[in-house]
Amino acid sequence: MPELPEVETIVRSLRPHLRGAVIRDVAAPGGRLRHPVDVEALRLACRGQAIAELRRRAKYILVELSSGTVLVLHLGMTGAFRVVPSAAPAATHERVVWILEDGRSWRFMDPRRFGSVQVCTSLGADGLPAALAGLGPEPLEAGFDGEYLYRRTRGRDRPIKNHIMDQAEVVGVGNIYASEALFRAGISPRRRCGTLSRKALDRLADAIREVLTEAIAAGGTTIDDFRDVDGSEGHFTTNLQVYGRQGQDCLRCGRPGGIRRLVQAGRSTYCCPRCQR
DNA sequence: ATATTCCCCTGGAAGC
DNA sequence: TGCTTCCAGGGGAATA
C-alpha cells in the first residue's frame, strides 16, 4: 500500500502530533509482525524518552529519540497510525501502542502483519540505521537522474519496471507509481532496462520525480487501505492514468479499451501498448 | 552476480 | 446464503 508519497504524507502528519512528546510506556498487544516485536527492547529504548524528530528514508519511518536511539518503522502493505486522546483499549489489528506522558497514545495497526517496528541497534556514518545501508538514492534528492539510471542499467537485462521497483536502485517507487511513471515517460514496462537510451531514461527520471511530487501534494493514493493519521484518504487516486484502469480508454491516445493489465514478477502492471514502447 | 519465484498474513470482492 | 478463488500498495529468502 504505502509507497514514498504515502509514507511522506504520514510522516508529515505524525510530526506535529509527536515531536516533543515523552513516551511513558510501550505495549505490543498484537503478536508478531514481519519480525517478532521485541517489546522489552522497545520499552528499554522508549521509556522516559522524548520524540526528537520523525524522518522518512525510502519507505521507512525513522523515529529519533532524545537519547539518540532510532526506531525503524515500516508500514508493509496495510500498516496505519493513529494518535488518540487517551490510552484506549486495543482496537482490531492493533500491533504496537506507545503511551505518552500527556495521556495520549500513538497506535500502529496492521491487519496483514507485513509491517515492522524495530529498535535500531547500530547507526552508520551517515547517521542512518546500518540496516538501511543497501538502499538506493532518494528520487527527489540530488543524485537521481537520467544519467544515474543510464549508468545503473548498462549490461542489465531485467524489465525496466522491475528495475525501478528495486529499492537498491531507487527507493520509494512501488507498484502504483512504477506503472504511472512509465506511462508518463512513454516506456513499455517490459522493455529490457539495458536497452533504454539515455534520452528515454532522462524522461523516466523526470516522470518518477513528477508523479511522486504530485502524489505527495495530493496526500498520497488510496486504493483500499491507505489512510492518513487522521483517517483521511489520499486524493491522488483520481489522478491515476493507468493503475487499475484495465479495459478503459487510454487518456493519451484515446484508444478505446487501450489500457492493459499484465503481470510482472507476480505484480500487476498497467500500460497502454500503443503509447509505451 | 543477476533475475525470478515464492512466501509471509488477513480481508474484501467476485464468481459459482 | 455460503463456499471458493483471486487479488492487494512490500520485502526478503530461496531458487534458477
Side-chain angles (χ1 to χ4, degrees), chain A residues 1-11 30-37 56-61 72-81 91-96 108-118 129 131-136 139 152-182 189-195 208 211-212 214-216 218-228 233-247 261-270:
Chain A
M1 118 196 1
E3 306 181 31
L4 187 152
E6 290 72 37
V7 180
E8 182 66 28
T9 295
I10 284 175
V11 168
R32 66 170 291 137
L33 296 170
R34 166 179 309 287
H35 311 286
V37 178
R56 179 191 59 75
R57 167 68 174 125
K59 298 173 192 170
Y60 294 87
I61 296 168
V72 182
L73 316 182
H74 197 288
L75 297 164
M77 295 273 265
T78 53
F81 289 107
T92 314
H93 303 139
E94 205 152 84
R95 309 304 182 192
V96 179
F108 177 62
M109 294 82 70
D110 184 14
R112 287 178 74 181
R113 303 175 184 272
F114 287 173
S116 66
V117 175
Q118 294 181 291
L132 306 185
L135 294 169
R152 297 285 298 186
T153 49
R154 293 313 92 181
R156 309 286 291 276
D157 190 45
R158 63 180 164 179
I160 185 62
K161 190 224 183 189
N162 299 6
H163 185 81
I164 60 174
M165 285 180 67
D166 184 342
Q167 303 298 296
E169 299 300 332
V170 57
V171 301
V173 179
N175 207 38
I176 293 177
Y177 300 112
S179 283
E180 294 296 317
L182 287 162
R190 290 198 270 215
R191 270 291 288 278
R192 301 282 137 181
C193 61
T195 70
I208 288 171
V211 72
L212 294 178
E214 291 176 16
I216 290 171
T221 300
T222 298
I223 299 292
D224 189 23
D225 300 298
F226 173 70
R227 293 293 186 282
D228 199 351
E233 301 188 357
H235 298 110
F236 195 72
T237 319
T238 54
N239 297 324
L240 296 176
Q241 296 177 12
V242 288
Y243 189 88
R245 296 192 63 246
Q246 71 273 24
R261 171 183 179 271
L262 51 108
V263 175
Q264 294 178 284
R267 317 289 298 276
S268 292
T269 302
Y270 301 87

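Protein chains get the first letters and strands the later ones, always in sequence-line order, with residue 1 at the start of each.
Between the side chain of A:Arg95 and the backbone N or O of A:Phe108, no donor-acceptor pair lies under 3.5 Å. Listed for the A:Glu180 side chain is a donor-acceptor partner under 3.5 Å among the backbone atoms of A:Val242. Judged by distance alone, with hydrogens and angles left aside, the side-chain atoms of A:Ser179 form a donor-acceptor pair with the main-chain N or O of A:Tyr270 at under 3.5 Å. Checking side-chain atoms of A:Arg154 against main-chain N and O of A:Gly194 turns up a donor-acceptor pair under 3.5 Å.
Distances shorter than 4.0 Å separate some side-chain N or O of A:His93 from OP1 or OP2 on B:dG11. Applying the 4.0 Å criterion to OP1 and OP2 of B:dT2, one finds that A:Arg152 has every side-chain N and O outside that range. For B:dC8, the OP1/OP2 oxygens have no side-chain nitrogen or oxygen of A:Arg112 closer than 4.0 Å. Put simply, A:Arg158 has a side-chain N or O that comes within less than 4.0 Å of OP1 or OP2 on B:dA3. Contact between the side-chain N/O atoms of A:Tyr243 and the OP1/OP2 oxygens of C:dG9 is found at a separation under 4.0 Å. Between A:His74 and C:dG10, a side-chain N or O to OP1/OP2 separation shorter than 4.0 Å is absent.
Atom OH of A:Tyr177 is separated from atom P of C:dG10 by 10 Å (rounded to the nearest Å). Computed from coordinates, the A:His35 NE2 to B:dC7 P distance equals 19 Å when rounded to whole Å. A straight line from CG of A:Leu4 to P of C:dG10 spans 11 Å, rounded to a whole angstrom. Between the CG atom of A:Leu33 and the C1' atom of B:dC8 there is a distance of 12 Å, given to the nearest Å. At whole-Å resolution of the value, CG in A:Asn162 and C1' in B:dT2 are 12 Å apart. Rounded to an integer number of Å, the gap from A:Arg113 CZ to B:dC8 C1' is 11 Å. If you take CG of A:Asn239 and P of C:dG9, they are 19 Å apart, rounded to a whole angstrom. Look at CG on A:Asn175: it is 9 Å from C1' on C:dA8, rounded to the nearest Å.
Across all strands, A:Thr222 comes closer than 4.0 Å to base atoms (heavy-atom distances). A:Gly174 comes within contact range of the sugar-phosphate backbone alone, with a heavy-atom separation under 4.0 Å but no base atom that close. The residue A:Arg95 sits apart from the nucleic acid: no heavy atom pair falls under 4.0 Å. Using a 4.0 Å heavy-atom criterion, one finds that A:Tyr60 contacts the sugar-phosphate atoms exclusively. A:Arg267 comes within 4.0 angstrom of a nucleotide base, judged by non-hydrogen atoms across all strands. Among the heavy atoms of the strands, none lies under 4.0 Å from A:Pro5.
What you find for A:Asn175 and A:Arg267 is that their closest heavy atoms are OD1-CB, 3.6 Å. The shortest non-hydrogen separation linking A:Ile10 to A:Asp228 is CA-OD1, 4.1 Å.
Closest to the side chain of A:Arg156, out of B:dT2, C:dG9, C:dA8, is B:dT2. Set against C:dG10, C:dG9, B:dA3, the side chain of A:Lys59 has C:dG10 as its closest nucleotide.
Here the separation of C:dC3 from B:dC9, taken at their P atoms, is 24 Å to the nearest Å. C:dG9 and B:dA3 have their C1' atoms separated by 22 Å, with the value rounded to a whole Å. When the P atom is compared between B:dG11 and C:dG12, the two are found 24 Å apart, to the nearest whole Å.
For the pair A:Asp166 and A:Arg158, the salt-bridge criterion is met [side-chain N within less than 4.0 Å of a carboxylate O].
Both A:Cys193 and A:Asp224 sit near DNA chain B, but only A:Cys193 has its closest nucleotide nearer the 5' end.
Tested against A:Phe236 for a side chain to side chain contact (heavy atoms under 4.5 Å, CB included), the candidates A:Ile216, A:Thr221, A:Thr222 yield a single pass: A:Thr221.
Under the stacking definition used here (centres under 5.5 Å, planes under 30°), the residue A:Phe114 qualifies as stacked on the base of C:dG10.
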Worksheet item: In dot-bracket notation, what is the pairing pattern of DNA chain B, taking Watson-Crick (N1-N3 plus N6-O4 or O6-N4) and G-U wobble (N1-O2 and O6-N3) contacts under 3.5 Å, with [ ] crossing and | for other strands?
Response: .|||||||.|||||||
Practice prompt. Evaluate the side chain to side chain donor-acceptor pair (under 3.5 Å) criterion for residues A:Thr78 and A:Arg112: first the C-alpha distance (whole Å), next the side-chain angles of each, then the deciding distance (0.1 Å), finally the verdict.
Written response: CA-CA 6 Å; A:Thr78 53; A:Arg112 287 178 74 181; 5.4 Å; no
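A donor and an acceptor atom sit less than 3.5 Å apart, one in the side chain of A:Arg34 and one in the base of C:dG10.
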